[in-house]
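Letters A, B, ... are given to chains in the order of the sequence lines, protein chains preceding strands, and every chain is numbered from 1.
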Number of protein chains: 2
Amino acid sequence: MSRNTTRQEIVAAADDLFYRQGFDHTSYAHIADAVGISRGNFYHHFKTKDEILAAVIEKRVADRVAMMERWEIAGATPEKRILSFIDILTVNGDKIMQYGCPVGTLTSELAKLNHAARGEANRLFGVFRSWLARQFAAAGCEETQADQLAMHLLMRSQGVATLLNASHDTQFAAREIELMREWVGAALAPIGDRARSGKAA
Amino acid sequence: MSRNTTRQEIVAAADDLFYRQGFDHTSYAHIADAVGISRGNFYHHFKTKDEILAAVIEKRVADRVAMMERWEIAGATPEKRILSFIDILTVNGDKIMQYGCPVGTLTSELAKLNHAARGEANRLFGVFRSWLARQFAAAGCEETQADQLAMHLLMRSQGVATLLNASHDTQFAAREIELMREWVGAALAPIGDRARSGKAA
DNA sequence: ACCGAATTAGGACGATCGACCTAATCTCGG
DNA sequence: CCGAGATTAGGTCGATCGTCCTAATTCGGT
C-alpha cells in the first residue's frame, strides 16, 4: 500500500513536472522535492529516469483511456462523443496556453532527444486516433474515411494548441473550436440518416 | 570579416543543433565541437547561452522574411504565394518528420522553460501571420477576416507538422496538404472576381 | 616593422546532473 | 516481540553543465 502510494505520488509529480517543464529539464531532485522525499527513496522506486518516463507515459495513456470511457458513457451519439474531445481545448485552455498539449509537446520533445520511448509516447496519439475513428465509424463512416477524419480532427486540435500556446490569443482558439464543431457536423451530415436508422434498428 | 564569419558559423551551427536536439539539450560544447572551435573562442562571441538563442531567433526571423520576399517575387497572385507557404510542408517533409517544425517546436520548448526569449520566438509566428494576412487581404479579404484565415492556415500547418513528426504517416501529410490547398481555393473563391478587378485597376 | 586590439585556445570554477551505495527506519507475519 | 524484507534518508561518485579567466596567437593600421 505504502509502496503504491509513494510510487503513485512520484509518477503524478513527474507527470506534472514533465508537462510543465519538459522531460529533459526535469531532474530527480525536482521530482523528489515536489513529492517531499529523498533522492534515495526515489531511486528505490525507479532505477533510471527512463523508467519514470515509461511510468508517466503509461499513466497518461491510462488517464486518457479512462477519459474516453467516460465520454463513451456520457455521450448519447457518436457526434456528441466527438464533441467531448473538442471540449478538451476549452476545458484545459489555460493550461494549454501556458504549457501546450501534454501529448503533442511530449512527443515533440522525445523526437528531438531521439529517446527510446518515442514509440510509446506516440501511443498517446494512437488511443485518440483509434477512439475518434471508432466514433466516426459508429456514425456511419467507412472505416478508411473514419480514420482520416480522426486524423484531421487530431491535426486541428494540435494546431490550435500550438498556436494558442504561442500567441495566447484566446479569441483565435474560441473561433477555431467553433469551426471544428461545425466541421464535425458537416462531416457527418451526408450520412446522418443512415447513422440514425442504423442506431434505431 | 573574420569576426562575422566565425560568428555566423556559430549561429548557423547553433540554429541547426537547437532544431535537431532542442535548445536546452544543446550545450556550449556541442556547438563548439560542431563549428570546430574552442569554448573560449565561443565565449568571446557570446557571453551567455541566452545571447546565442537571441542570435539564432534573429537569424530564423531573417531567413523566413527573406523566404517570404522570394515568394512575393515568384508568386504572380496572392493565392499562388499562399500556396508557396503550404509547399514548405512538402519540401521540408523529411526534416519535419524527424524534428518537427522549427518554429512550433522552439516556441513550445521556450514556453516550458518559461524562457525570457519566449516573446522573441513568437515573432516567428508573427512574421508568417502578418505575411499570410497580407496575402489574403491582397486577394480581396476584409482585414479582420484575412488575419483569421492566416491563423487558420498556420494552425493547420502546425497540426500537420506535429502529427507527421509523431506518426511518420506521410500519406496523412500528403492528404492534409491537398485539403489545405483546396481550402485556400474555397476561401478565396467568393471574392475571386473582386480581387482580380482590384488588381487590374 | 611594430604595437594595440581582436581573436582564439584551453584550463578552472562551482553547481548540478543521473546514478549508486550504505545505513537507518518502518512494517508485519510468525 | 522479534527478525526479515520493504522503505526511506542522505552521502558520494564521475561527468557535464554554463560561466569565467588568463595566456597565446593573429590581424590591421601606422
Side-chain angles (χ1 to χ4, degrees), chain A residues 1-58 106 109-110 112-118 120-121, chain B residues 1-58 106 109-110 112-118 120-121:
Chain A
M1 176 188 61
S2 174
R3 170 198 289 157
N4 275 348
T5 298
T6 302
R7 207 191 134 92
Q8 285 169 7
E9 281 180 21
I10 291 174
V11 174
D15 187 7
D16 183 54
L17 287 172
F18 287 175
Y19 176 43
R20 295 198 340 254
Q21 315 188 10
F23 166 70
D24 197 55
H25 194 65
T26 302
S27 68
Y28 271 48
H30 282 138
I31 306 172
D33 283 357
V35 182
I37 60 174
S38 65
R39 277 145 293 132
N41 186 2
F42 195 110
Y43 187 75
H44 171 71
H45 291 280
F46 297 96
K47 284 179 225 322
T48 68
K49 205 182 174 185
D50 293 354
E51 279 188 25
I52 317 166
L53 176 60
V56 167
I57 293 176
E58 213 53 50
L106 180 65
E109 182 180 2
L110 296 185
K112 284 205 198 267
L113 300 179
N114 201 19
H115 195 284
R118 260 188 92 163
E120 287 303 304
Chain B
M1 178 187 61
S2 173
R3 171 199 287 157
N4 275 348
T5 298
T6 302
R7 207 192 133 92
Q8 283 169 10
E9 279 180 23
I10 292 174
V11 174
D15 186 7
D16 183 52
L17 287 172
F18 287 175
Y19 176 43
R20 294 194 346 249
Q21 315 186 13
F23 167 71
D24 197 54
H25 194 64
T26 302
S27 68
Y28 270 48
H30 282 137
I31 306 172
D33 283 356
V35 181
I37 61 173
S38 65
R39 278 144 292 133
N41 187 1
F42 194 109
Y43 185 73
H44 172 71
H45 291 279
F46 297 97
K47 283 179 226 323
T48 68
K49 205 181 175 185
D50 293 354
E51 279 188 25
I52 317 166
L53 176 60
V56 167
I57 293 174
E58 213 53 51
L106 180 65
E109 183 180 0
L110 296 185
K112 284 205 197 271
L113 300 179
N114 200 20
H115 195 284
R118 260 189 92 165
E120 287 304 303

[atom1] of [X] versus [atom2] of [N]: gap in Å, rounded?
X: A:F42; N: D:dG11; atom1: CZ; atom2: C1'; result: 18 Å
X: A:N41; N: C:dA23; atom1: CG; atom2: C1'; result: 14 Å
X: B:K47; N: D:dG18; atom1: NZ; atom2: P; result: 17 Å
X: B:L17; N: D:dC17; atom1: CG; atom2: P; result: 12 Å
X: A:D24; N: C:dT16; atom1: CG; atom2: C1'; result: 13 Å
X: B:L113; N: D:dG18; atom1: CG; atom2: P; result: 12 Å
X: B:H25; N: C:dC17; atom1: NE2; atom2: C1'; result: 12 Å
X: B:K49; N: C:dT16; atom1: NZ; atom2: C1'; result: 14 Å

Give the nucleotide from the list D:dA9, C:dT8, D:dT12 with an atom nearest to the side chain of B:H45. C:dT8
Closest to side chain of A:S38, choosing from C:dA9, C:dA12, D:dG10: D:dG10
Could you check whether B:D50 and B:H115, counting side-chain N and O atoms only, form a donor-acceptor pair closer than 3.5 Å? yes
I need the minimum non-hydrogen distance between B:A34 and B:L17, along with the two atoms involved.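 Result for this residue pair: CB-CD1, 4.0 Å.
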Do A:V35 and A:N41 have side-chain heavy atoms sitting under 4.5 Å apart?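 Sidechains of A:N41 and A:V35: no contact.
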Check whether any side-chain N or O of B:K112 sits under 3.5 Å from a backbone N or O of A:F23 as a donor-acceptor pair, and report yes or no.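 Flag not set: sc B:K112 to bb A:F23 has no pair under 3.5 Å.
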Given [N], is OP1 or OP2 found less than 4.0 Å from the side-chain N or O atoms of [X]?
X: A:H44; N: D:dT7; value: yes
X: B:T6; N: C:dT7; value: no
X: A:S27; N: C:dT16; value: no

Contact class for A:Y28 (heavy atom, under 4.0 Å): base, sugar-phosphate, or nothing?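 Sugar-phosphate only.
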In terms of the nearest nucleotide of DNA chain C, which residue is placed more toward the 5' end: A:Y43 or A:H30?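 The residue closer to the strand's 5' end, by nearest nucleotide, is A:H30.
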Any chance you could lay out the side-chain contact (heavy atoms from CB on, under 4.5 Å) test for B:I10 and B:I37, step after step, and finish with the verdict? CA-CA 9 Å; B:I10 292 174; B:I37 61 173; 3.8 Å; yes
